[in-house]
Amino acid sequence: MPVSSVFETTIERLSILEPDGTFDESLGKNLIPDQDLVDLYRHMMVCRQFDVIAFKLQRSGRMGTYPENRGQEATSLGAAYALQQSDWLVTCYRENAGLFWRGLPMEKILLHWMGDERGNHIDPDLHITPLAIPIGTQMLHAVGLAWADKYRDEKSISCTFFGDGATSEGDFHEAMNFAANLDIPTIFFCQNNGWAISVPTKIQCSAPTVAQRALAYGMRTIQVDGNDIFAVVKAVRDAAEVARTESRPSFIEATTYRLGDHTTADDARRYRDADEVSKWEKQDPMIRIRMYLEKRDLWNENKQNEMQAEAEKLISEVVKRAEEIVDPVCNDMFDSMYASMSDNLKAQRSTLRTSSLGQNPSQLPLKDKAHA
Amino acid sequence: MPVSSVFETTIERLSILEPDGTFDESLGKNLIPDQDLVDLYRHMMVCRQFDVIAFKLQRSGRMGTYPENRGQEATSLGAAYALQQSDWLVTCYRENAGLFWRGLPMEKILLHWMGDERGNHIDPDLHITPLAIPIGTQMLHAVGLAWADKYRDEKSISCTFFGDGATSEGDFHEAMNFAANLDIPTIFFCQNNGWAISVPTKIQCSAPTVAQRALAYGMRTIQVDGNDIFAVVKAVRDAAEVARTESRPSFIEATTYRLGDHTTADDARRYRDADEVSKWEKQDPMIRIRMYLEKRDLWNENKQNEMQAEAEKLISEVVKRAEEIVDPVCNDMFDSMYASMSDNLKAQRSTLRTSSLGQNPSQLPLKDKAHA
Amino acid sequence: MANLTLVQAINLALIQEMEKDERVLILGEDVGPNGGVFRVTEGLHKRFGGKRVVDSPLAESGIIGTSVGLAMNGLRPVPEIQFEGFLGPAYDQLCTHAARMRTRTRGSLTVPMTVRVPVGGGIHAPELHSDSPEAIYTHTPGLKVVMPSSPYDAKGLLISAIRDPDPVIFFEPKRIYRAFREEVPEDEYTVPIGKARIVREGGEMTMVSWGASVIHCMNAIESSGRDIELIDLRTISPMDVETVVNSVNKTGRAIIVHEAPLTCGIGSELSARIMEHCFLQLESPVQRVAGFDVIMPYYKLELDYLPDTERIGKAIEETAAY
Amino acid sequence: MANLTLVQAINLALIQEMEKDERVLILGEDVGPNGGVFRVTEGLHKRFGGKRVVDSPLAESGIIGTSVGLAMNGLRPVPEIQFEGFLGPAYDQLCTHAARMRTRTRGSLTVPMTVRVPVGGGIHAPELHSDSPEAIYTHTPGLKVVMPSSPYDAKGLLISAIRDPDPVIFFEPKRIYRAFREEVPEDEYTVPIGKARIVREGGEMTMVSWGASVIHCMNAIESSGRDIELIDLRTISPMDVETVVNSVNKTGRAIIVHEAPLTCGIGSELSARIMEHCFLQLESPVQRVAGFDVIMPYYKLELDYLPDTERIGKAIEETAAY
Ligand SMILES: Cc1ncc(C[n+]2csc(CCOP(=O)(O)OP(=O)(O)O)c2C)c(N)n1
Ligand SMILES: Cc1ncc(C[n+]2csc(CCOP(=O)(O)OP(=O)(O)O)c2C)c(N)n1
Ligand SMILES: [Mg+2]
Ligand SMILES: [Mg+2]
């Protein structure tokens with residue numbers, strides 16, 4: 001057999017609710033109860049409002065750099081909806097919708113971007129890790145988190161989010177490989193939003209799909225329309241089922257688009273066409289759900305306006321809570337470095353000095369030192 | 001279209017000269033001229049003898065740790081044979097056969113394992129990088145080397161060798177991804193020898209093939225019988241052609257087996273079955289070529305004995321050259337740290353001290369320092 | 001002469017070296033059409049094209065590892081790492097390969113590359129965008145480490161770095177990227193690697209710093225009204241111990257100021273060297289005003305972390321009074 | 001009591017902590033059936049099974065990154081990195097994540113893991129199997145760094161490390177893995193992290209070292225015939241400055257000995273601290289006997305690189321004579 005085939009495969013793409021409103025009943029029916037869909041839509045409106053206000057806070061100097069989430073809400077939200085409270089959400093920084101759905105107090109995210117570590121102090125029952133700034137590194141933590149649950153024979157799994165750019169990092173590969181070979185129940189959720197700051201996806205992955213990254217590990221994989229919350233929910237549910245029952249990982253590539261700049265420090269007009277953006281604006285996940293809800297008489301202009309007002313009120317309260325927090329004090333930077341503080345840190349903390357002459361002499365045996 | 005296919009593929013396995021002597025004429029004919037094949041076989045005998053003697057040198061305390069190459073000679077040798085002198089060979093540490101074919105003086109490899117950096121001092125015209133000790137990191141250099149040639153519009157390419165274990169490292173992924181997305185003419189040659197020290201391949205890659213690692217990058221890929229020098233030559237020639245004419249990378253998984261211990265510091269009986277080893281001993285690439293040559297009257301017992309004597313003589317001269325080299329001197333460790341030496345290094349070098357009192361006072365302005 | 005910011009001076013140096021030497025190429029994240037997140041490579045993609053100004057995949061080890069290969073094969077890559085906090089994934093390629101290649105091959109393969117990296121705090125940036133890891137790379141033999149504190153030095157040092165036959169990590173203090181302008185010659189010139197600069201002379205004590213902290217030192221010295229000699233190290237590795245030791249032998253007192261954490265920072269090496277070589281001249285213990293031994297805090301507290309004029313001022317008074 | 005080598009003492013500590021605490025698991029390359037390339041985990045796979053002693057893929061960042069996740073979720077992973085030269089790929093997960101997790105979450109997530117790593121030269125090993133990177137991790141706040149020099153301390157310190165609520169890098173000096181035996185109690189005991197050990201008392205000068213170098217210091221002291229106080233730091237971060245300073249305040253002279261390169265090594269921090277705190281007691285400049293500022297050479301020259309009894313002896317005489 002000089003030439004034989006040793007591996008064959010196909011990758012599927014899943015979409016249920018298309019941009020034009022077409023809905024696939026066979027896959028979509030009973031996937032999301034009506035009332036839940038309304039709640040999800042309302043939640044998206046809140047998240048969108050959060051985004052608008054966060055952007056303004058940055059522009060008016062009340063907050064540091066902020067990455068808009070606009071246009072990508074369906075991905076993390078669909079996933080959070082499909083998962084259980086005891087499952088870990090291990091996110092990057094564009095998954096507000098999923099984190100808020102899980103129950104993360106919204107001001108935590110503002111605090112983070114306001115340069116305040118208290119934004120990362122998260123109730124352990126939420127099973128959330130803080131925003132990940134270094135790209136591509138949190139997937140390994142997600143694998144470890146799920147592994148620990150498996151070790152204790154708990155049925156929880158982890159779901160980790162990352163961008164197309166993140167799939168270029170070595171840690172992405174190592175995380176995928178650990179999960180596949182050690183049978184760790186982690187869902188790898190890639191939000192392929194077309195860009196990594198100014199770099200288009202083809203420089204990160206010139207293959208026809210990002211989904212095929214998973215073939216390297218023999219891992220289950222699928223591509224979904226990430227602006228279609230139905231498709232996202234179905235893909236994550238299927239992956240979660242496999243994870244829970246077979247302790248196996250899955251990969252999901254959700255195609256979506258970053259409608260805003262990379263962050264408030266970025267100006268996307270420098271590197272991408274307005275045409276591309278307006279094309280994608282029409283595919284906004286919220287337009288689609290609203291159309292679907294209205295067609296089924298579950299939503300209307302009135303409800304929209306009411307909800308918008310509600311969202312505005314809610315977010316202004318969130319901003320208030322974030323801004324009213326007492327200032328951190330300098331000691332905070334010392335106090336959680338270790339479970340117990342070394343003499344060196346105690347001296348630095350109490351004197352706020354590193355120069356030896358400035359440090360409290362009682363903390364080091366300088367007592368019998370006579371001055372020259 | 002709720003579910004559509006977005007990617008389909010097949011991976012092929014290539015073999016031409018099977019362990020039982022079956023030879024595929026359609027693929028194998030004219031691939032390697034008879035005289036070349038005889039030369040390749042003779043070369044393998046020399047390499048095998050090198051291995052035997054290197055092992056003995058370690059056991060008798062005349063050399064440090066050494067990794068036997070036994071059983072894997074056909075991979076790097078087939079590749080080196082298929083490539084041009086101006087193409088870079090970027091190896092790991094089990095590719096003696098390929099390096100010697102290219103022209104690396106054999107004593108260089110002994111010197112390396114004798115703890116002597118002069119073993120890495122290689123004539124630039126050979127286009128060889130020194131042995132790579134840290135696993136998985138040299139593939140990135142291979143990409144950079146080929147990229148530089150491409151940058152200058154030269155037609156040279158690079159071919160980098162690594163084990164199955166190496167494909168677990170993040171740098172492997174980054175190298176593959178850079179080459180695929182930036183169109184760098186590098187051949188990634190994986191020697192899947194079943195083990196990474198004591199860890200079996202399935203813990204490095206639980207997918208059915210290692211070859212499918214390349215699908216993640218949309219990269220050309222193939223699996224070959226790595227103990228079949230014909231298959232290796234064909235796969236590398238094809239890959240080199242694509243690299244040279246289209247400036248595109250390829251991946252080759254060569255299945256082979258490490259007949260010896262991982263290194264002389266290892267004892268493989270601790271973790272693998274004797275049965276497995278003896279099964280693979282029958283597939284030794286040299287047995288196969290010899291059978292083929294004898295069937296075609298190109299080789300016989302007599303030639304074998306003559307060549308064995310020749311190899312023994314050759315290698316004993318190599319050992320002599322390696323052992324007769326003058327000892328390195330302490331200064332050597334300073335002299336090639338930088339193109340030009342800092343005052344600090346000069347002081348350390350001339351005094352062989354790091355304590356300030358031991359350093360030559362003329363090298364620092366201590367002159368006017370009166371003793372207490 | 002042109003009145004340039006530090007960013008502009010670096011941009012000019014890159015343009016001039018690329019014009020002059022075909023072997024120079026730039027690679028990194030967003031360095032292409034976007035001109036880098038700090039706009040340091042602005043205009044270069046347009047001017048030199050995508051072959052010489054390359055947007056790479058998002059992978060720091062890949063950027064440095066391929067640069068090692070490019071450099072080994074005759075080019076002069078100038079990779080950019082977007083922020084010092086993302087040097088971590090490249091640590092291995094820098095310290096295990098770039099730094100070792102020349103000596104492990106006894107000179108047959110070399111790595112003439114210049115790794116540009118914005119460094120340091122004070123710009124209200126997110127986590128991991130404000131660190132100062134220069135000591136890590138100074139402890140690694142085989143690398144050179146440079147950090148300018150002015151547009152003039154930035155241009156001259158960067159040109160030296162690109163022409164240097166060995167790997168150089170070129171740290172750019174982001175806090176002063178645009179903080180002030182300085183007269184910078186249009187023509188190319190070099191500032192030698194390995195030579196400190198005496199910013200101002202003085203006899204009462206010696207202060208040593210580098211990067212953005214030099215400005216704070218200057219302010220603190222001015223408000224102290226004292227006769228203090230200020231040395232800008234400029235190159236951290238190799239360290240110009242001679243200039244420092246000469247100064248302290250004259251003044252008898254020394255203060256070192258840096259942003260990185262105190263313990264095992266560059267201050268410790270300088271302090272040890274000063275003590276070793278000026279032992280009998282020293283009239284007070286060498287003082288270190290540094291970052292605390294904590295993780296660089298998020299920006300609400302960053303100014304509490306960074307050595308400032310006040311902390312430096314106190315150290316001056318205490319050192320003088322000793 | 002049993003007469004154990006350092007390898008055996010570590011093996012025993014691992015067995016006992018795993019017996020006692022279900023949360024402890026081991027992962028790394030070849031740690032399973034093979035028992036680790038130095039046989040430190042010998043017998044553990046058989047005893048505790050593949051769930052608790054895990055052969056991982058060949059990927060150091062993966063080993064440390066998943067350990068961070070395991071630790072954040074209530075376990076006590078004890079990852080092994082096969083040689084200190086392969087810590088490089090794990091640098092980012094160690095310094096960017098493990099070290100920062102507690103403070104960046106203000107204590108809501110913590111990383112109680114112990115990274116075991118063989119360290120140092122002197123065993124005629126190949127390239128990158130003989131380095132001493134302890135200063136790199138000491139400069140990184142949030143980590144603890146430990147290096148025992150005896151079987152007794154190894155067992156007690158490893159137990160402390162595994163029980164420690166924060167990440168600890170546990171360096172094992174491979175040169176003395178089997179160099180000698182020592183009485184080690186069968187029962188579990190702890191040696192506190194952060195406390196140096198006075199190996200021998202003396203009044204004439206103070207010598208500070210850690211790891212395999214302690215043995216050379218002892219030899220040098222004995223052949224000098226002088227009354228020297230020898231301190232084994234044991235924990236490098238946090239550093240027991242108090243014990244060192246107390247000693248030097250008594251003796252007035254100090255020598256520090258380590259394998260890592262001189263510049264920005266731990267010796268520089270110790271030297272700076274001693275000078276800061278013992279300024280008026282110091283009768284001679286603190287001396288550092290360290291590795292040279294070069295890449296650790298291949299083994300033919302490694303003994304020329306490593307500080308040995310002779311170099312230490314010279315430093316003793318010169319310090320005494322100053
Ligand atoms: C290790 C690392 N390198 C570089 C950066 C700088 N950086 C921040 S976001 C980003 C692009 C990320 O792209 P992608 O993963 O696609 O996520 P997206 O922002 O598109 O959601 C880069 C390069 C970083 N944060 N971490
Ligand atoms: C980065 C790194 N980690 C660990 C090691 C230790 N080590 C040396 S060889 C080896 C196994 C390599 O396996 P593989 O890549 O399959 O190559 P093979 O030895 O089988 O040819 C390991 C773990 C190393 N040299 N480098
Ligand atoms: Mg993206
Ligand atoms: Mg192998």
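In this text, all values refer to a predicted model and were calculated from it rather than measured experimentally. Proteins come first, then strands; the chains are lettered A, B, ... in the order of their sequence lines, and each starts at number 1. We use all heavy atoms of the structure for the numbers below, so side chains are in, but hydrogens, waters and symmetry mates are not.
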To the nearest 0.5 angstrom, please state how far the [atom1] atom of [X] sits from the [atom2] atom of [Y].
X: D:Lys314; Y: B:Thr351; atom1: NZ; atom2: OG1; answer: 9.0 Å
X: D:Asp55; Y: B:Ser198; atom1: CG; atom2: OG; answer: 5.0 Å
X: D:Leu58; Y: B:Phe172; atom1: CG; atom2: CZ; answer: 12.5 Å
X: D:Glu127; Y: B:Thr65; atom1: CD; atom2: OG1; answer: 13.0 Å
X: B:Ile133; Y: D:Leu128; atom1: CD1; atom2: CG; answer: 7.5 Å
X: D:Phe292; Y: B:Leu345; atom1: CZ; atom2: CG; answer: 10.0 Å

If every non-hydrogen atom of [X] is compared with every non-hydrogen atom of [Y], which pair is closest and at what distance?
X: D:Asp304; Y: B:Cys330; result: CB-SG, 3.6 Å
X: B:Arg353; Y: D:Ala315; result: NH2-N, 3.8 Å
X: B:Gln348; Y: D:Leu262; result: NE2-CD2, 3.5 Å
X: D:Gly291; Y: B:Thr354; result: O-CG2, 3.7 Å
X: D:Pro57; Y: B:Ile203; result: CG-O, 3.3 Å
X: B:Met333; Y: D:Leu301; result: CE-O, 4.0 Å

Quick one: what part of [X] sits under 4.5 Å from any heavy atom of chain D, side chain, backbone, both or neither?
X: B:His112; result: both
X: B:Ala166; result: backbone
X: B:Asp327; result: neither
X: B:Tyr271; result: side chain
X: B:Ile197; result: both
X: B:Met337; result: side chain

Worksheet item: Is the shortest heavy-atom distance from the side chain of B:Leu352 to the side chain of D:Glu310 under 4.5 Å?
Response: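 Heavy-atom side-chain distance check fails, nothing below 4.5 Å.
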
Discussion item. Exactly one of B:Asp332, B:Asn120, B:Asp116 should register a side chain to side chain donor-acceptor pair (under 3.5 Å) with D:Tyr298. Which one does?
Written reply: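 Exactly one option meets the side chain to side chain donor-acceptor pair (under 3.5 Å) with D:Tyr298, and it is B:Asn120.
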
Go through the atoms of [X] and report whether side chain, backbone, both or neither lie under 4.5 Å from a heavy atom of chain B.
X: D:Glu42; answer: side chain
X: D:Ser56; answer: backbone
X: D:Tyr305; answer: both

Practice prompt. Take D:Lys300 and B:Ile325 through the side-chain contact (heavy atoms from CB on, under 4.5 Å) test and state the conclusion after the steps.
Written response: CA-CA 12 Å; D:Lys300 274 190 188 171; B:Ile325 193 171; 3.9 Å; yes

Item to complete: Indicate yes or no for a side-chain donor-acceptor contact from D:Gln287 to the backbone of B:Leu357 under 3.5 Å, with no hydrogens or angles considered.
Response: yes

